[in-house]
Amino acid sequence: MKKRILTGCIYATTLLFATSCNDFLTEEPQGRLTPDTFFSNQNELNMSVYALYAKVQELQCNSNPMIPQCQGDDVTSTTGSNKAAYLSADAFEYPSDAKGQEQGWSKLYAIIKAANLIIDNADKVPTTQDEINIALGQAYYWRAFSYFRLVRLFGPLPLILHNEADNNDTPLTPVADIYTQIVSDLTAAEACNLPAQYTGTNRAINGTNIYVSIQTVKATLSAVYMSMAGYPLNQTSYYAQAASKAKEVIDGVNNGTYPQSLLADWGQVYSYGNNFHDESLLSIYYMPRTGGWSNGDSQFSSCHQIQSLGGWGDFLAERRYWANYPE
């Protein structure tokens with residue numbers, strides 16, 4: 001009898017310690033940001049937008065994502081050095097180095113992923129509707145911007161609007177439907193009633209907007225309509241919508257609603273010594289890390305500066321194009 005009681009006590013104690021150990025080993029990472037705990041306050045909403053802009057900056061880190069642009073008539077690259085990929089694109093050859101195509105794809109989809117996170121979660125943050133709208137406006141805009149650039153480079157695309165595992169088997173969405181989504185996102189961004197001029201920390205520098213403004217959304221929507229009116233959709237009715245949306249921006253500048261103005265000297269638009277000015281509608285600014293090449297250290301300007309001025313000459317004007325341009 002004593003033997004049975006002793007066995008029962010050992011068994012009960014084992015169950016007790018097994019339960020206790022199980023509870024003890026259960027992790028509650030309260031100090032760690034996870035999908036379940038994130039988006040709980042304004043600071044975390046800000047962090048999500050900063051993460052989005054970090055991906056936007058990576059797109060401008062160097063000229064590799066721009067290599068497919070050499071397929072246009074107006075730009076080429078210098079010979080020698082590491083310019084083989086640029087020259088292959090310029091000549092429509094099969095590239096020996098596909099870094100331009102790869103980075104033009106991957107960096108834009110990284111922006112889309114960061115934007116999706118905000119779009120799917122911003123509404124749960126206990127903050128003002130104005131702040132939620134600002135975050136959503138940035139996300140909708142940059143997702144539209146990314147798909148707009150992708151569809152003109154690659155045609156049909158995987159349309160990813162939520163960050164779910166796709167195992168690289170997401171079917172391609174036709175070009176027309178991609179444009180429909182771009183217009184939908186820009187229309188959603190426009191409905192957020194974004195400020196024309198930001199004043200908050202990290203949203204403007206020296207009076208120039210860092211965050212996307214309402215006039216930037218309208219101007220980009222005009223550009224998208226222009227693209228839809230031409231190749232490959234050739235839906236010419238969109239010319240009128242492009243003009244109408246552009247006129248909203250022009251009228252807003254003329255009546256003082258928007259702070260933009262034209263510089264007296266057009267040569268100052270891209271001047272190194274004139275980074276902050278009111279002619280800019282969309283600007284991407286860097287806080288570079290010194291000491292080497294990294295995603296946080298933009299070499300974009302040096303990539304495009306001609307070699308005689310200390311740059312690398314990744315892109316040069318196509319002289320024949322400009323020589324043949326109509327007066």
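- Judged by distance alone, the side chain of Thr216 and the main-chain N or O of Leu281 form a donor-acceptor pair under 3.5 Å.
- Annotation: the span from Ile205 atom CD1 to Ser283 atom OG amounts to 9.5 Å, rounded to 0.5 Å.
- The cationic atom of Arg143 (NZ for Lys, CZ for Arg) does not lie both less than 6.0 Å from the six-membered ring centre of Tyr147 and within 45° of the ring axis.
- In this structure, the side chain of Asn206 does not engage the main chain of Thr208 through any donor-acceptor pair within 3.5 Å.
- We find the OG1-OH distance between Thr79 and Tyr86 to be 14.0 Å, quoted to the nearest 0.5 Å.
- At a threshold of 4.5 Å between non-hydrogen side-chain atoms, the residues Leu262 and Trp266 do not count as touching.
- Expressed to the nearest 0.5 Å, how far OH of Tyr238 lies from CE of Met226 amounts to 14.5 Å.
- Proximity of a side-chain donor or acceptor of Gln260 to a complementary backbone N or O of Ser280 within less than 3.5 Å is detected.
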Inset, instruction - List the steps, then state whether side-chain contact (heavy atoms from CB on, under 4.5 Å) holds for Thr76 with Tyr321. - result: CA-CA 10 Å; Thr76 184; Tyr321 175 84; over 6 Å; no
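- Side-chain N or O atoms of Gln71 include none that pairs as donor or acceptor with a backbone N or O of Phe92 at under 3.5 Å.
- At least one side-chain heavy atom of Gln42 sits less than 4.5 Å from a side-chain heavy atom of Glu131.
- A side-chain donor-acceptor contact under 3.5 Å links Glu44 to the backbone of Phe39.
- Looking at Gln101, its side chain never comes within 3.5 Å of a backbone N or O of Pro68 through a donor-acceptor pair.
- Here the side chains of His162 and Asn116 are not in contact, with every heavy-atom distance at 4.5 Å or above.
- Residue Cys303 holds its SG atom at 7.5 Å from CG of Asn64, rounded to the nearest 0.5 Å.
- Residues Tyr258 and Ser213 bring no donor and acceptor atom of their side chains to less than 3.5 Å of each other.
- Two residues are said to be in side-chain contact when any heavy atoms from C-beta on lie closer than 4.5 Å; Asp314 and Met66 fail this criterion.
- With contacts defined as side-chain heavy-atom distances shorter than 4.5 Å, the pair Thr127/Ile132 qualifies.
- A heavy-atom distance below 4.5 Å is not found between the side chains of Thr78 and Trp312.
- Results of the side chain to side chain contact (heavy atoms under 4.5 Å, CB included) test with Ile112 over Leu117, Leu52, Leu150 single out Leu150 as the only residue that passes.
- Tyr141 and Thr220 are linked by a side-chain donor-acceptor pair at a separation below 3.5 angstrom, with hydrogens and angles left out of the test.
- At a threshold of 4.5 Å between non-hydrogen side-chain atoms, the residues Leu153 and Gln69 count as touching.
- More than 12 non-hydrogen atoms from other residues, nucleotides or ligands lie less than 6.0 angstrom from NZ of Lys218.
- Tyr53 and Tyr211 have parallel rings, their planes meeting at less than 30° on a 0 to 90° scale where 60° marks the start of perpendicular.
- Using a 4.0 Å cut-off between charged side-chain N and carboxylate O, Glu102 and Lys99 make no salt bridge.
- How far SG of Cys192 is from CG of Leu136: 5.0 Å, rounded to the nearest 0.5 Å.
- In this structure, Phe148 CZ and Arg152 CZ are separated by 3.5 Å, a value rounded to the nearest 0.5 Å.
- Checked by atom type and distance alone, the side chain of Gln60 never pairs as donor or acceptor with a backbone atom of Val56 at under 3.5 Å.
- Between Arg203 and Pro195, the closest side-chain pair of non-hydrogen atoms is not below 4.5 Å.
- No donor-acceptor pair closer than 3.5 Å links the side chain of Tyr225 to the backbone N or O of Lys245.
- Contacts of Phe145 classified as ring-ring contact (aromatic ring centres under 6.0 Å, His included), with partners at least two apart in sequence or in another chain: Trp142.
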